Amino acid sequence: MARLDHIVPLLLLSQLCILVREMAEGKVPAVIVFGDSSVDTGNNNVISTVLKSNFQPYGRDFEGGRPTGRFSNGRIPADFISEAFGLKGTVPAYLDPMYGISDFATGVCFASAGTGYDNATSDVLAVIPLWKELENYKQYQVRLREYLGEQRANEILSEALYLMSLGTNDFLENYFTLPNRRSEFSVEQYQDFLIGIAKNFIKEIYQLGGRKISLGGLPPMGCLPLERSTNMMGGNGCVEEYNNVASQFNSKLGGLVMQLNKELPNVRVVFSNPYPILQKIIKKPSSYGFEVTSSACCATGRFEMGYMCNRFNPFTCSDASKYVFWDSFHPTEKTNLVIAYQIVKKVLYQFF
């Protein structure tokens with residue numbers, strides 16, 4: 001009898017293909033990505049930071065078993081979303097020397113693992129701040145116009161789908177870990193501070209020609225294996241305080257989306273919220289073909305990510321498809337597929 005953990009991703013992939021066939025051809029000529037490790041496809045490989053994943057066992061289920069700098073065993077949501085729009089099945093990282101402007105014409109990723117809306121968050125692990133992601137995008141615009149000509153480049157930039165996915169690090173890596181922001185802001189004030197940054201960033205994308213923008217929400221971050229492992233007083237269950245903060249912040253992001261759609265002419269901003277589907281997976285894993293939710297596949301599955309999740313660790317699982325999480329902070333490829341499918345089906349279908 002066929003195993004459910006193998007059937008589910010195959011069904012989702014086939015349904016993504018159906019969506020591709022049904023959509024209006026050419027509506028989205030490129031996918032342009034900003035954010036953190038949830039969507040970084042390899043930009044951190046070429047900067048001086050300890051937060052990297054360009055080594056095994058990362059990428060072991062990627063095409064060719066190649067570690068690319070994605071924080072997973074395989075592909076991540078941006079890759080599946082690109083494929084759903086009939087584009088490439090992988091979105092290249094802008095700083096990856098293997099790729100050039102011809103590759104970036106149909107999709108490009110500026111994201112950097114460990115970053116956040118707050119510049120202070122990117123300073124923690126010396127990664128690319130959001131403002132620098134925007135500067136790299138401006139450079140990309142110049143290169144694209146040189147490559148395709150002004151008119152065609154402008155068409156791509158205005159019709160492209162802009163994906164934003166970040167914010168978790170602002171809370172878990174910065175606010176709840178280091179004292180500075182907590183001494184300046186209450187949680188609610190810090191949320192509003194981040195919302196202001198998100199608003200200004202989207203307005204800048206708009207001024208630069210972007211018209212189709214997906215603003216990503218936070219996951220139930222209190223259920224990440226790293227947070228559960230340190231929640232000893234709570235029996236290693238999900239940290240509900242963090243989940244509540246994520247829910248509150250998501251509500252504010254949703255309000256921001258409504259505000260921007262009223263303020264900016266001819267823009268369509270949507271809210272792509274991974275919280276509900278990831279929460280469902282964690283609560284009823286067997287419904288999606290998973291077996292393990294509280295710990296991750298890599299190493300002991302409790303604390304390890306980045307260099308602590310390496311090929312020399314004897315505890316890494318043999319079958320990542322049974323696990324919701326790949327390392328203590330990031331989902332497996334299978335989870336990424338489920339999340340991407342739900343976001344495409346419920347939100348991004350508007351751009352087909």
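Quick note: numbers below take in every heavy atom, side chains included, and nothing from hydrogens, waters or symmetry partners. Predicted model only: the values in this text are computed from it and were never measured.
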Exercise: identify the closest heavy-atom pair between [X] and [Y]:
X	Y	value
Gly35	Leu166	CA-CB, 4.0 Å
Leu172	Met221	CD1-CB, 3.8 Å
Gly116	Leu130	O-CB, 3.8 Å
Asn119	Pro129	OD1-CB, 3.9 Å
Arg228	Asn236	O-ND2, 2.9 Å
Asn313	Ala299	ND2-CB, 3.2 Å

Mark yes or no for whether [X], through its side chain, and [Y], through its backbone, hold a donor-acceptor pair below 3.5 Å.
X	Y	answer
Asn261	Val257	yes
Asp79	Val91	yes
Thr115	Ile128	yes
Tyr175	Phe185	yes
Asn231	Gly237	yes
Ser158	Gly209	no
Asn154	Glu150	yes
Ser53	Gly306	no
Asn200	Ile197	no
Asn54	Thr68	no

Verify the distance criterion only: is there a donor paired with an acceptor across the side chains of [X] and [Y] at less than 3.5 Å?
X	Y	result
His330	Ser38	no
Tyr94	Arg143	yes
Gln141	Tyr137	yes
Asp118	Tyr190	yes

Does a salt bridge link [X] with [Y], judged by any charged N lying under 4.0 Å from a carboxylate O?
X	Y	answer
Glu83	Arg75	yes
Lys132	Glu135	no
Asp192	Lys252	yes

- request: To the nearest 0.5 Å, tell me how far Cys223 SG sits from Ile281 CD1.
  value: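 Here the interatomic distance stands at 11.5 Å.
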
Would you indicate whether [X], at its atom [atom1], is surrounded by more than 12 heavy atoms from other residues, nucleotides or ligands within a distance under 6.0 Å?
X	atom1	value
Gln350	CD	yes
Glu63	CD	no
Phe315	CZ	no
Arg311	CZ	no
Lys138	NZ	yes

message: Over 60° means perpendicular and under 30° means parallel, so tell me whether Phe34 and Phe110 are parallel, tilted or perpendicular.
response: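 Aromatic pair Phe34/Phe110 classed parallel.
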
Determine whether the aromatic ring centres of residues [Y] and [X] are separated by less than 6.0 angstrom.
X	Y	value
Phe193	Tyr117	no
Phe176	Tyr242	yes
Phe351	Phe85	no

- prompt: Do you know which of Phe312, Phe55, Tyr58 makes ring pair (Phe, Tyr, Trp, His ring centres under 6.0 Å) with Tyr307?
  reply: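 It is Phe55; the other options fail the test.
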
message: Evaluate Phe329 against Phe71 for ring pair (Phe, Tyr, Trp, His ring centres under 6.0 Å), listing each step before the verdict.
response: CA-CA 9 Å; Phe329 215 78; Phe71 279 79; 9.2 Å; no

task: Evaluate the pair Cys309, Cys298 and indicate whether the two SG atoms are within a distance below 2.5 Å.
output: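 Judged by the SG atoms alone, which are under 2.5 Å apart, Cys298 and Cys309 are bridged.
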
- request: Could you give me the CA-CA distance, side-chain angles and deciding distance for Asn44 and Thr49, then say whether side chain to side chain donor-acceptor pair (under 3.5 Å) is met?
  value: CA-CA 7 Å; Asn44 274 25; Thr49 177; 4.8 Å; no

message: Using side-chain contact (heavy atoms from CB on, under 4.5 Å), reason through Ser247 and Tyr275 one step at a time and then give a plain yes or no.
response: CA-CA 8 Å; Ser247 293; Tyr275 192 109; 3.5 Å; yes

